[in-house]
Amino acid sequence: MEFSELIRTGQAQAELLRGSETPPLRGTLCVTGHHLLLSPGAQATPDLWLLLLRSVDSIEKRVEGDSGTITLRCKDLRVLQLEIEGVEATLDIARSIEALSSLESVITSFPFFYRPKSLRLGDAWHFHPPESYYKRVARETNAWRLSEANEDFSLCPSYPRAVIVPRAVNNDALARSARFRQGGRFPVLSYYHAPSGTAVLRSSQPLTGPQKRRCAEDEELLRAVLAGARPGAQGFIVDTRSTQAAKQARMTGGGTESKAAYPGWKRLHRPLERGRPLQESFVRLVEACGDLEQSMDRWLSRLEGCRWLSHVKETLSTACLAAHSMEREGACILVHGAEGTDSTLLVTSLAQIILDPLSRTMAGFQELIEREWIQAGHPFQLRCAHSAFSHARPKHEAPTFLLFLDCVWQLGRQFPLSLEFGEGMLLALFDHSYASPFGTFLCNSEKERCLCEVRTRTHSLWSGLNQPKEQRKLRNPLYVPNPSAIWPSVEPQSLRLWQESKTFCDPTPDGDPAS
C-alpha cells in the first residue's frame, strides 16, 4: 500500500493555535506520509512547523460554517489546534491523519526513511553491546561468563543474543532453565556490585504450576550465583507481585521459587503495579492536570486518587530495598514478576543508578537504557503504542518506561549534583520512546529488530543525542562526580509531581516543532 492512497487531501490553508502567549501561525498545511507541515507565506516568518504523525495519540474534528477545527492530542502530551478553511478539506485531512498515524507496520515507519546529513547509518549502534559490560564485570571477578547460547534467539526470543550467566553453569543447563521460566527468561546478570561482591539478576516467573514442578538446572543456576559471591552470601528473590497474585499465577502454570528447592534464597513480595492499572493511573493524572477550572481541594483529591506518586514511591522503595540488600547486607538479588519485562526492569535499573556512579554519567545512563530496557526485552512497540489521550485502550499499553524516567527525575531533584544528565535528557527519552525518527525504540525485542534490520536501516538515537549541540542541552551543568551510593527519601513530603516539564502539567497548546 502506498502512502498516497491514505492521503485524501494533500494541502489546505490553515492556522495553528499555539497558546495564549504565542501568536498563531498561518500558512499552507501539507500532509505527507509521515509528517504534517505548516509553511507560512512568503511575507511571514520563515519558520516551518513540523509534526511527526506517529506522535498523534488522538484526533478530534469539528466543523462549523465553511471551516473546521482539528485538535491533535500528542503522545508527548502536547495539544495542538488547527483551524482549516473548508469543511471538506477539514474532514479529508482528519481522515488522512487518522489513517497515517495508526499504521502498525514497523518497516514503513519514519525511522526507515530518516536520513539526516549529519549522521551516517550504523553510527552508535555499536556503542553498548553486551560484551562491553561483560568486560567490566570480568575485570572484577571470574565468577561470570558471556554465553551465546541464545545466538539464534531459540532459548528466549526476548533476550539478546549474548547474556551474562554464572561460569559454573553450562549452556545445556541454561536451556533447561529457560524451559522452566515463562517466555524462556532464565536468570541472567543485570548488575555486578564490585564493592560487595554481589549481583542483581533478572528473570521471569518459574513455571511451577499447581503440581509445584521443579527444575534441577534452574536450582543449580541460583546455587552457582551464591557460590560465586562472597563466602556465606545469601540471596533475596524480589517478586514484584503480591502474594495473592503469585498464588493465582501458580494455578495457571506460573508460580514462585520454594524455600526447599532454593536453599539460601528468601522470597520477598513487593507488589508493583503494571499493565492496565498503571495506564489508567497515567490517564487520570493527565486528565487532572488538564482541568484548569478545578479548586485546589479538587486538584489535590484527584492527584491522590490517580495514585501516580504512589507508584513512584513503591518503585523507588523496592529499588532501594534491592540496593540496600546488596551494599549493606552483602546479598545477591533476583528480581522477577510474571513476564519479567516491566516492573522487573524498573527495579534492576533504578538499583544500579542508586549504587553505581557510572550509571549516573551521560554515557553510563545511555548504556543502562540500552542494556536494561532495550536489549532486555521491554516491549516498547506494545507499551508505547498510545499515550494518555487515545480512546483505544489495548491491554498491552503501559507507561512503565515513563515511570522509570519519573523515578530518575526524583533522584536528580534530591541529588542535583550527582547526575551528569539533566531533565532535558529524560524528556528526550520520553518523547522518543513514543514517537521518534530514530530506530532505537522500535519493536519489542532484539529478535524483532534483527528481523526488521533496524540496526542497518535506521539511525541510533544515541548518535543524535551525542552530537555536541545536543549534549550541551542535555547535560547537567551542576554535575560533580559522586562515588557514593545515593539513597533517596520516599516520604510523601520528599516526592514531587514532575510539573516543571510538559510531561504532565502543561495543558495549553504547544507550537514548538516536533521532529
Side-chain angles (χ1 to χ4, degrees), residues 116 118-140 146 160 162-164 189-195 200 319 323 345-346 348-376 378 380 401 404-405 407-413 415-433 436-441 446 449 454-455 458-486:
S118 59
L119 303 177
R120 294 183 304 171
L121 280 177
D123 284 355
W125 280 114
H126 62 283
F127 278 6
H128 310 295
E131 294 81 3
S132 65
Y133 183 66
Y134 171 69
K135 290 177 181 178
R136 284 169 47 196
V137 174
R139 287 195 294 266
E140 304 290 345
L146 188 70
V163 292
I164 305 174
L189 179 71
S190 176
Y191 169 62
Y192 179 76
H193 188 236
V200 59
L345 308 184
L346 278 172
T348 59
S349 54
L350 287 170
Q352 291 178 59
I353 296 175
I354 291 170
L355 291 175
D356 182 16
L358 187 59
S359 295
R360 304 194 288 266
T361 66
M362 180 68 78
F365 186 61
Q366 292 180 15
E367 180 194 344
L368 180 75
I369 299 295
E370 185 75 32
R371 176 167 46 84
E372 286 299 293
W373 287 90
I374 297 166
Q375 295 174 11
H378 181 63
F380 281 98
F401 187 62
F404 163 72
L405 296 176
C407 290
V408 177
W409 181 83
Q410 303 287 341
L411 290 172
R413 198 191 67 81
F415 299 92
L417 308 184
S418 295
L419 305 185
E420 188 180 14
F421 50 91
E423 183 183 48
M425 180 67 169
L426 303 178
L427 288 173
L429 290 170
F430 167 63
D431 290 347
H432 286 283
S433 65
S436 175
F438 299 95
T440 299
F441 291 110
E446 285 295 285
R449 293 183 194 98
V454 169
R455 290 180 179 270
T458 73
H459 289 284
S460 166
L461 174 62
W462 313 127
S463 64
L465 296 186
N466 287 331
Q467 296 292 306
K469 181 180 178 181
E470 292 297 317
Q471 284 287 291
R472 287 192 291 271
K473 294 187 292 185
L474 302 177
R475 288 185 181 275
N476 173 14
L478 303 178
Y479 173 66
V480 177
N482 178 3
S484 304
I486 55 174

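Taken to the nearest 0.5 Å, the OG1 atom of Thr361 stands 12.5 Å off from the CG atom of Asn476. Separating the CD1 atom in Ile369 from the CG atom in Leu405 is a distance of 6.5 Å, to the nearest 0.5 Å. Atom OG1 of Thr458 is separated from atom CG of Leu461 by 10.5 Å, given to the nearest 0.5 angstrom. Between atom CG of residue Leu368 and atom OH of residue Tyr191 there is a gap of 10.5 Å, rounded to the nearest 0.5 Å. Note that CG of Leu121 and OG of Ser460 are 11.0 Å apart. Values are rounded to the nearest 0.5 Å. The line from SG of Cys407 to CG of Leu346 is 6.5 Å long, rounded to the nearest 0.5 Å.
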Please walk me through it: do Leu465 and Met362 pass side chain to side chain contact (heavy atoms under 4.5 Å, CB included)? CA-CA 10 Å; Leu465 296 186; Met362 180 68 78; over 6 Å; no
So Thr440 and Glu370, side chain to side chain contact (heavy atoms under 4.5 Å, CB included) or not? Walk me through it. CA-CA 9 Å; Thr440 299; Glu370 185 75 32; 4.2 Å; yes
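For Lys135, the salt bridge (charged side-chain N to carboxylate O under 4.0 Å, His left out) test picks out no residue, with sequence neighbours left out. Every residue two or more places apart in sequence or in another chain was checked for a ring-ring contact (aromatic ring centres under 6.0 Å, His included) with His459, and none qualifies. The side-chain contact (heavy atoms from CB on, under 4.5 Å) search around Asn466 returns Phe127, Gln366, Trp462, Gln471, not counting sequence neighbours. For Arg120, the salt bridge (charged side-chain N to carboxylate O under 4.0 Å, His left out) partners are Asp123, not counting sequence neighbours. In this structure, the ring-ring contact (aromatic ring centres under 6.0 Å, His included) partners of Phe380, at least two apart in sequence or on a different chain, are His378, Phe401, Phe441. Residues satisfying the salt bridge (charged side-chain N to carboxylate O under 4.0 Å, His left out) test with Glu446, not counting sequence neighbours, are Arg449, Arg455.
Of the charged side-chain nitrogens involved, at least one lies within less than 4.0 Å of a carboxylate oxygen, so that Glu420 and Arg475 count as a salt-bridged pair. Of the charged side-chain nitrogens involved, at least one lies within less than 4.0 Å of a carboxylate oxygen, so that Arg136 and Glu367 count as a salt-bridged pair.
Residues Leu427 and Trp409 form no side-chain contact, since every pair of their non-hydrogen atoms from C-beta on lies 4.5 Å or further apart. Ile164 has its side chain within reach of Tyr134: a pair of non-hydrogen atoms, C-beta onward, lies under 4.5 Å apart. The closest side-chain heavy-atom distance from Phe404 to Ile353 is below 4.5 Å. At a threshold of 4.5 Å between non-hydrogen side-chain atoms, the residues Phe421 and Leu426 count as touching. Under the 4.5 Å side-chain criterion, counting only non-hydrogen atoms from C-beta, Trp373 is in contact with Ser349. Taking the side chain as every heavy atom from C-beta outward, Leu119 and Gln467 approach each other to under 4.5 Å.
Glu372 and Ser190 share a donor-acceptor pair across their side chains, judged by distance under 3.5 Å alone. Looking only at atom types and distance, the side chain of Gln352 has no donor-acceptor partner in the side chain of Arg360 under 3.5 Å away.
The two residues Leu411 and Leu419 have their closest heavy-atom pair at C-CD1, 4.4 Å. Taking each heavy atom of Phe438 and Ser463 in turn, the nearest pair found is CE2-OG, 4.4 Å. Listed here is the closest heavy atom pair of Val454 and Gly439: CG1-O, 3.4 Å. When all heavy atoms of Pro357 and Asn482 are compared, the pair lying nearest together is CB-O, 3.5 Å. Nearest heavy atoms, Pro483 versus Pro481: CD-O, 3.8 Å. The two residues Ala376 and Leu345 make their nearest non-hydrogen contact at CB-CD2, 4.0 Å.
Checked by atom type and distance alone, the side chain of Ser436 never pairs as donor or acceptor with a backbone atom of Ser433 at under 3.5 Å.
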